[in-house]
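Throughout, a chain's letter reflects where its sequence line sits, starting with A, and its residues are numbered from 1.
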Amino acid sequence: MEVEVESFVPELPEVETVRRGLERTVLDRRIVEVTVRNAKVLKGQSEAELRERTVGRLITQAQRRGKYLLLPLADTETNRLTVPEDSSPSFFLCIHLKMRGQLRVEASDAEPGPYHCVTLLLEEALGGRKALRFYDMWTWGELRALRQEEIGTLAPSLAQMGEEPLEPSWGAANLGAKLRGRKTAIKPTLLDQRVVAGVGNIYADESLFLSGIHPERPANSLSPEETDRLAQAVRTVLTEAVEGGGTTSDNYFDVAGLPGRFTPQVYDRGGEPCSNCATTLTRIRLAGRGTVFCERCQPAVIVR
DNA sequence: ATAGCGCCCTGGTGGC
DNA sequence: TGCCACCAGGGCGCTA
């Protein structure tokens, strides 16, 4: 079987889908062996250190912050059932998929697919084994085991990262405060992880389309009503995408190999008719990013 | 402060 | 038909 590992962009919904997949498949499994085939994804961490920090430990949770996956690892010695207050993780497996990274849970005897970088061999409760594999065609992604206090070295800094847009507390008030005083165009502002966590190119375009806001509008030019519409659109789009298991792509799969079912309205559809008014969608380059929008549904208030 | 680069990397594409 | 320059993309880090 040929395993395709190409062209998809992991943003919040895709990472969340992977997180949920991991939650179903690797919790309370013990890491018994680490194989590194391409050390570039370790981003400077030595294979020996990765091994020291992971082998023999249990994956106790699958957490997500923005586009980061954080898997707390507990020492085997720690009895989580009887001493829960002592179960603070000794290390976190920190994973960022960047552009092309993929995590897959596979049979331990399955041959690794192309672009295989790291395999964590996991021992199951009844003694069986499975493989958690990290694939990355471009090796931009990262997989490291960090101490809790080292997590601050992740970039963008988790401390500086904006709020989670799917948290109930997030909304127009938070977004509006972040946009205040920013002259930068709204599209690249949404991509800034310090503004809001987890939004990437797909969902920035989708949110702006849904809220009827032109991507080149200066961030601080949005009215309170527009800010409110945008915040709601971000939430709606991300929620639908999470429910759909990520964006449809020929080559996007979750950890079990299932495709995403969210279909973008504008992303990657330049030249196609707008789903709302049939106007041909415009594609521009904005702050170095491909940007698609509808000139009729997302009018520019500022005329150049 | 912030915009605009180059960098990391490789498969796909368009031009010749 | 083949070669090759070029592009996409997240996020950092540097420069202006």
**Complete:** Students should find that the hydrophobic cluster of A/Leu281, defined by side-chain heavy atoms under 4.5 Å apart, otherwise consists of A/Phe209, A/Val266, A/Val292
**Message:** Can you list everything that forms a side-chain contact (heavy atoms from CB on, under 4.5 Å) with A/Thr139? Sequence neighbours excluded, please.
**Reply:** A/Asn38, A/Lys40, A/Val41, A/Cys117
**Prompt:** What residues form a side-chain hydrogen bond (donor to acceptor under 3.5 Å, both in side chains) with A/Ser275, not counting sequence neighbours?
**Reply:** A/Gln265
**Request:** Using whole Å, report how far CE of A/Met137 lies from C1' of B/dC8.
**Result:** 15 Å
Taking N or O atoms only and anything under 3.5 Å, show me the protein contacts with nucleotides 12-16 of chain C, one pair per line.
unit_1	atom_1	unit_2	atom_2	d
C/dC12	OP1	A/Ala155	O	3.2
C/dC12	OP1	A/Pro156	N	2.2

**Request:** Please list, chain by chain and in numerical order, all residues satisfying side-chain contact (heavy atoms from CB on, under 4.5 Å) with A/Thr280, sequence neighbours excluded.
**Result:** none
**Request:** Linking directly or through intermediates, with side-chain heavy atoms under 4.5 Å: list the remaining ILVMFWY members grouped with A/Tyr68, chain and number order.
**Result:** A/Leu70, A/Phe92, A/Leu146, A/Ile151, A/Leu154, A/Leu158, A/Met161
**Message:** Please pick, from B/dC9, C/dG10, B/dT10, the nucleotide with the shortest atom-to-atom distance to any side-chain atom of A/Lys67.
**Reply:** C/dG10
**Prompt:** Tell me: CG of A/Leu97 to C1' of B/dC9, nearest whole Å?
**Reply:** 16 Å
**Message:** Distance check needed: B/dG12 P versus A/Asp268 CG, whole Å only.
**Reply:** 15 Å
**Request:** Output all residues satisfying side-chain hydrogen bond (donor to acceptor under 3.5 Å, both in side chains) with A/Asn174, sequence neighbours left out; order by chain, then residue number.
**Result:** A/Glu163, A/Trp170
**Asked** Can you tell which of B/dC9, B/dT10, C/dG10 lies closest to the side chain of A/Asn201?
**Response** C/dG10
**Asked** When the distance from NZ of A/Lys98 to P of B/dT10 is rounded to whole Å, what number comes out?
**Response** 15 Å
**Fill in**
Rounded to whole Å, CG of A/Leu12 lies from P of C/dG10 at a distance of 14 Å
**Validation row, ring centre A/Phe262 to ring centre A/Tyr267 under 6.0 Å** = no
**Request:** Could you check how far NZ of A/Lys43 sits from P of B/dC7, rounded to whole Å?
**Result:** 17 Å
**Prompt:** For the pair made of CD in A/Gln102 and C1' in B/dG11, what is the distance, rounded to whole Å?
**Reply:** 15 Å
**Asked** For residues 178-196 of chain A, which residues have at least one heavy atom under 4.0 Å from DNA chain C?
**Response** A/Gln193
**Request:** Using a strict 4.0 Å threshold on nitrogen-to-oxygen distance, state whether A/Lys67 and A/Glu14 make a salt bridge.
**Result:** no
**Request:** Sort and list the pairs that fulfil salt bridge (charged side-chain N to carboxylate O under 4.0 Å, His left out) and have at least one residue in residues 146-158 of chain A, not counting sequence neighbours.
**Result:** A/Arg53-A/Glu150
**Message:** Looking at A/Arg51 and A/Glu49, is any side-chain nitrogen of the basic one under 4.0 Å from a carboxylate oxygen of the acidic one?
**Reply:** no
**Asked** Is A/Trp140 stacked on the base of B/dC9 when the test is centres under 5.5 angstrom and planes under 30 degrees?
**Response** no
**A/Met99 CE to B/dG11 P, straight-line distance once rounded to whole Å** = 14 Å
**Request:** Can you pull out how bent the helix from B/dT2-C/dA16 to B/dC16-C/dG2 is, comparing the axes over its first five and last five pairs, to 10°?
**Result:** 60°
**Message:** Side-chain N or O of A/His96 versus OP1/OP2 of C/dG11: is the shortest distance under 4.0 Å?
**Reply:** yes
**Request:** Tell me whether the OP1 or OP2 atom of B/dG11 has a side-chain N or O from A/Tyr115 closer than 4.0 Å.
**Result:** yes
**Prompt:** Quick one: side-chain contact (heavy atoms from CB on, under 4.5 Å) partners of A/Pro112, sequence neighbours excluded?
**Reply:** A/His116, A/Arg133, A/Tyr135
**Request:** Not counting sequence neighbours, which residues clear side-chain contact (heavy atoms from CB on, under 4.5 Å) with A/Ala204? List them please.
**Result:** A/Lys187, A/Leu190, A/Leu191, A/Val199
